[in-house]
Number of protein chains: 2
Amino acid sequence: MRKKQSTNFANEQFLFQVCELNSAIAMISGRWKSQIVYSISQGNHRFHLLQQELPNISEAVLARQLKELENHAILLKQEIPNTVPVGIQYVLTNKGWDLVPILESLCNWGKLYSEGKEISARIISEI
Amino acid sequence: MRKKQSTNFANEQFLFQVCELNSAIAMISGRWKSQIVYSISQGNHRFHLLQQELPNISEAVLARQLKELENHAILLKQEIPNTVPVGIQYVLTNKGWDLVPILESLCNWGKLYSEGKEISARIISEI
DNA sequence: ACAATAACTAACAAAATTGTTAGTCTTTAA
DNA sequence: TTAAAGACTAACAATTTTGTTAGTTATTGT
């Protein structure tokens, strides 16, 4: 449970109010989260399909991350009509879909420099 | 200190190997990190200027986040020539600069939906 | 001589996140 | 009737991250 009187919480709130960038990053920065979003965008809508894609995740952890993504309206849970027992699927909202190209650009950024693109900086002499 | 034999560590490594997306997010997802990068990109190159921008951060925490960003080659530390005592400045590398527009798009994504853009999802009936 | 500024570091404590274990419920297949 | 699949939940433990406290070093202003 989050302690609302902690410095940690207060600092998080401060950053959220400085810029939406910070809340955006908070929404996607949990372990497994962005990979779950990407995997759903690729068509893995069912709980057990996500488990197959992420073989090291436990059911409890997957359920928790899905719920947090749902709380942030990045995805939602739907019952699949006319299924017995009722099937559940996870689909991205428009908010979730809008995130996908941003995740792709982050991925490309990471790839570029892990593949050895040269890293340097200008020397700035003036204060 | 990181425990290399933990499940937590193993899962992180697994995700890093699945896609660079996950390592990219790990690099920017610490508290204060993306705000520090943005603030440096706006010209706040000095330790004390960053402290002014982030009045709730402690010196120890700022130093730690800067060191982690430096370890990921997003920024680097430079001595300012001909200063007594020697001045230190933090500058973004090209890798860091490439991140800035991505952070901006994350920021816009967050803003759009916090300002009330409608959130919805298609109903997918087929498995 | 003394305090102040700039830029840190190490050790520790508090809090948050992640992972584990042991359950639940419903339905279908053997 | 018993087991298995699918989709969970709650409580707890392990680990990691964040924040706190108390230092350091070098130089300048008073």
Side-chain angles (χ1 to χ4, degrees), chain A residues 1-15 22 25-33 35-36 44-52 54-71 75-80 82-90 127, chain B residues 1-15 22 25-33 35-36 44-52 54-71 75-80 82-90 127:
Chain A
M1 265 285 162
R2 205 77 207 272
K3 291 212 176 159
K4 303 270 166 75
Q5 345 73 271
S6 65
T7 305
N8 187 300
F9 183 80
N11 285 347
E12 189 178 60
Q13 294 299 307
F14 168 79
L15 285 168
N22 298 294
I25 286 181
M27 289 182 212
I28 60 172
S29 67
R31 175 84 85 245
W32 311 101
K33 284 217 184 78
Q35 196 58 46
I36 289 169
N44 298 295
H45 296 289
R46 302 294 300 262
F47 195 92
H48 66 275
L49 294 176
L50 291 166
Q51 278 186 284
Q52 282 170 33
L54 305 168
N56 304 302
I57 201 171
S58 76
E59 293 175 35
V61 171
L62 176 55
R64 204 158 54 204
Q65 302 297 321
L66 284 168
K67 177 156 293 179
E68 287 173 22
L69 289 166
E70 197 187 357
N71 290 154
L75 53 80
L76 49 83
K77 235 187 233 257
Q78 291 180 337
E79 296 192 353
I80 304 169
N82 310 321
T83 46
V84 180
V86 62
I88 301 283
Q89 64 185 0
Y90 294 91
I127 309 171
Chain B
M1 266 283 163
R2 204 78 206 273
K3 290 209 175 161
K4 302 270 167 73
Q5 345 73 270
S6 66
T7 304
N8 187 300
F9 182 80
N11 285 346
E12 189 177 62
Q13 295 299 307
F14 167 78
L15 285 168
N22 298 295
I25 286 181
M27 288 182 213
I28 60 171
S29 67
R31 175 83 86 245
W32 311 103
K33 283 215 184 80
Q35 196 59 47
I36 289 169
N44 298 294
H45 296 289
R46 302 294 300 260
F47 196 92
H48 66 274
L49 293 176
L50 292 167
Q51 278 186 286
Q52 283 169 32
L54 305 169
N56 304 302
I57 202 172
S58 76
E59 292 175 37
V61 171
L62 177 55
R64 204 157 54 204
Q65 301 298 321
L66 284 167
K67 176 156 292 181
E68 286 173 24
L69 289 166
E70 197 187 358
N71 289 154
L75 53 81
L76 49 83
K77 233 178 186 356
Q78 290 180 338
E79 297 192 353
I80 305 169
N82 309 320
T83 47
V84 180
V86 62
I88 301 285
Q89 63 185 2
Y90 294 91
I127 309 169

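In the text below, chain A, chain B and the rest are named by the order of the sequence lines, each starting its count at 1.
Distance CG/B/N56 to CH2/B/W32: 5.0 Å, rounded to 0.5 Å. The line from CG of B/L69 to CD1 of B/I36 is 6.0 Å long, rounded to the nearest 0.5 Å.
Of the candidate nucleotides C/dA7, C/dT27, D/dT9, C/dT27 has the atom lying nearest to any side-chain atom of A/P85. Closest contact between the side chain of A/K67 and the listed nucleotides D/dA7, C/dT9, D/dT9 involves D/dT9.
In this model, the phosphate group of D/dA7 is approached by a side-chain N or O of A/H48 to a distance below 4.0 Å at OP1 or OP2. The side chain of A/K77 contributes an N or O atom lying less than 4.0 Å from OP1 or OP2 of D/dC8. In this structure, A/R46 does not reach the D/dG6 phosphate: none of its side-chain N or O atoms is under 4.0 Å from OP1 or OP2.
Put simply, CG on B/L66 is 11 Å from C1' on C/dA7, counting in whole angstrom units.
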Every protein N/O within reach of nucleotides 16-22 of chain C N/O, cut-off under 3.5 Å:
residue, atom, partner, partner atom, Å
C/dA16, OP1, A/R2, NE, 3.1
C/dA16, OP1, A/K3, N, 3.4
C/dA16, OP1, A/S6, OG, 3.2
C/dA16, OP2, A/K3, N, 3.0
C/dT18, OP1, A/R31, N, 2.8
C/dG19, OP1, B/N11, ND2, 2.4
C/dG19, OP2, A/W32, NE1, 2.9
C/dG19, N7, A/R64, NH2, 2.6
C/dG19, O6, A/R64, NH1, 3.1
C/dT20, OP1, B/T7, OG1, 3.1

*Between B/I80 and B/R46, does a side-chain contact (heavy atoms from CB on, under 4.5 Å) hold up when you go through it step by step?*
CA-CA 10 Å; B/I80 305 169; B/R46 302 294 300 260; 3.3 Å; yes

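Here A/E70 does not pair with A/K77 in a salt bridge; the nearest charged N to carboxylate O distance is not below 4.0 Å. Using a cut-off of 4.0 Å between Lys/Arg side-chain N and Asp/Glu carboxylate O, B/R64 and B/E59 are scored as not salt-bridged.
Relative to the axis of its first five pairs, the axis of the last five pairs of the helix from C/dA1-D/dT30 to C/dA30-D/dT1 sits at 10°, rounded to 10 degrees.
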